[in-house]
Number of protein chains: 2
Amino acid sequence: MTQSNETTSYRDIKETVLARIRSGQWQPDSLLPNEQELAVEFSCTRTTVNRALRELADEGFLERRRKAGTRVLSAPQRQARFTIPMVRDEVEALGGTYRYALVSSATKRAPDWLCARLALKPDQDVMHVRCMHFNGNTPFQYENRWIVVDSVPQVVNADFASIGPNEWLIQTVPFTNVELSFLASRADESMAAFLDLPIGEPVFTGERITWLEGQPVTFAKMYFAAGYRMTTQY
Amino acid sequence: MTQSNETTSYRDIKETVLARIRSGQWQPDSLLPNEQELAVEFSCTRTTVNRALRELADEGFLERRRKAGTRVLSAPQRQARFTIPMVRDEVEALGGTYRYALVSSATKRAPDWLCARLALKPDQDVMHVRCMHFNGNTPFQYENRWIVVDSVPQVVNADFASIGPNEWLIQTVPFTNVELSFLASRADESMAAFLDLPIGEPVFTGERITWLEGQPVTFAKMYFAAGYRMTTQY
DNA sequence: AAAAGTTTAAAGTCTACACAAAATGGAAAC
DNA sequence: GTTTCCATTTTGTGTAGACTTTAAACTTTT
């Protein structure tokens, strides 16, 4: 058959299903009709119903199990998607002018805590890069990063005076796995100086560990200026 | 035709495409072969290629435009998905015993800042609920919440001594729009007392605004105990 | 009962094909 | 040269049908 204007699309089905959940017609934990039945109800094929339900399950509204069927999740595991932009993009999205400055860069033996964190051998070298990201002349983010030399040998030739380590890494090394955390930390002396705030102030902090095929590549701490908030809508 | 063991699945295609991007065979910004060509290469139908590429685009690796084709995103807008669990689940996932305690609950005229924040009329009533979430006897989260009475009239009969306002709301107001922020704040006197930490300590803080069909429902501030971090892997 | 094996219902995925919608790039009109 | 319009390409989505995989539910054996 052909796809006409009156066709029920997978979008319509998603909408209808959500509406029924919202209205309470389909209670949490209850079982939905199976795909075949819904296909009949919506007069479309099972394929179309499948796509709608699959996407709703991806989005955290439904739980699907073969043979068991599809049920409404009681505590919708609604997952917030935070887009993690590069600092440059974030600043420019705010309408500001991005400016980058290298603070220090040095290769040395990996400190113990980093070995533990990244499962490095105690004799492995890391390049330690500290840098600042500005919005115009206002500090935006202070970055403290370690790059595993064995995993990215080219790093010894990188010029972090002109390009930020994150941008350089993205261009240079593909990565496969990322662990990203956010927390609140106290401003120590250097953070306070770089971000222009009193020692002890709360600082919104991100930590990112990146691996390539199981090899640890880099560990970064990102300290955000006062007032920063990470926001998402869903 | 039939689906045999040697069939190329959309998963295989996703893997292969990712590998080619990672290896640099398909450079950032470059155009991929079109779906038909890839279907021939992988000896499967265009439908299967379409699903693989569509998902990769959803995941932020590719950009697809009709007629223009599919290209590799230069700065992969990889979005971190944080699952925002209910406090009870979070504590129990840590192997702890969840305990809830109501601190205070009162209905009053919405304060000015809240009217501004939620676009309320100045004479609207809100129920202000403060409560604690414990892991065993350790403070886990201090919650400060306002619920718009006009949007959820039943709230006046809710018994927040026995059930947390969040769990109550999820049961009562099934589905909503959410704006969620995270930031670092300073512990004031009451936060410090409830979370058992010194005044001025950094506190990882979540703020959530919830709407139902455009109507503001609730505003919540969630203050996490010392050491809390929100983590995701991808 | 408890464990092991079997049936079977439901989702998962693929094929093959068709038409729809968007947007690019070029042709035509100005 | 610039704008408008149109043909064409590429992705988007639907139909119809079949086979596959999982795991719940049932049956048999111990």
Please tabulate the protein-to-nucleotide N/O contacts below 3.5 Å involving nucleotides 4-10 of chain C, giving atom names and distances.
residue	atom	partner	partner atom	Å
dA9(C)	O4'	K67(A)	NZ	3.2
dA10(C)	OP2	N34(A)	ND2	3.4

Please confirm whether the shortest side-chain N or O distance from [X] to OP1 or OP2 of [N] is below 4.0 Å.
X	N	answer
S9(B)	dC14(C)	yes
T48(B)	dT15(C)	yes
Y10(B)	dT13(C)	yes

side-chain contact (heavy atoms from CB on, under 4.5 Å) against E179(B), all qualifying residues, sequence neighbours excluded: T231(A), Q233(A), S181(B), I209(B), W211(B)
Do any pairs count as a ring-ring contact (aromatic ring centres under 6.0 Å, His included) and have a residue in residues 149-171 of chain A, sequence neighbours left out, and if so which ones? F160(A)-W168(A)
Euclidean distance, atom [atom1] of residue [X] to atom [atom2] of [N] [Å, nearest integer]:
X	N	atom1	atom2	answer
E55(A)	dT13(D)	CD	C1'	11 Å
R54(B)	dC14(C)	CZ	C1'	14 Å
R11(B)	dT21(D)	CZ	C1'	11 Å
R46(A)	dT13(D)	CZ	C1'	17 Å
E63(B)	dT24(C)	CD	P	10 Å
D58(A)	dA11(C)	CG	P	15 Å

For R11(B), check salt bridge (charged side-chain N to carboxylate O under 4.0 Å, His left out) against everything at least two apart and list the hits. none
Which side-chain hydrogen bond (donor to acceptor under 3.5 Å, both in side chains) pairs, counting each pair once, include a residue from residues 21-31 of chain B, with sequence neighbours left out? none
Can you sort out the partners of Y100(A) under side-chain hydrogen bond (donor to acceptor under 3.5 Å, both in side chains), two or more places apart, ordered by chain and number? none
Could you check whether R51(A) gets within reach of a base, just the sugar-phosphate, or nothing at all, counting any heavy atom under 4.0 Å? sugar-phosphate
What is the minimum heavy-atom distance between L169(B) and R145(B), and which atoms define it? CD1-NH1, 3.4 Å
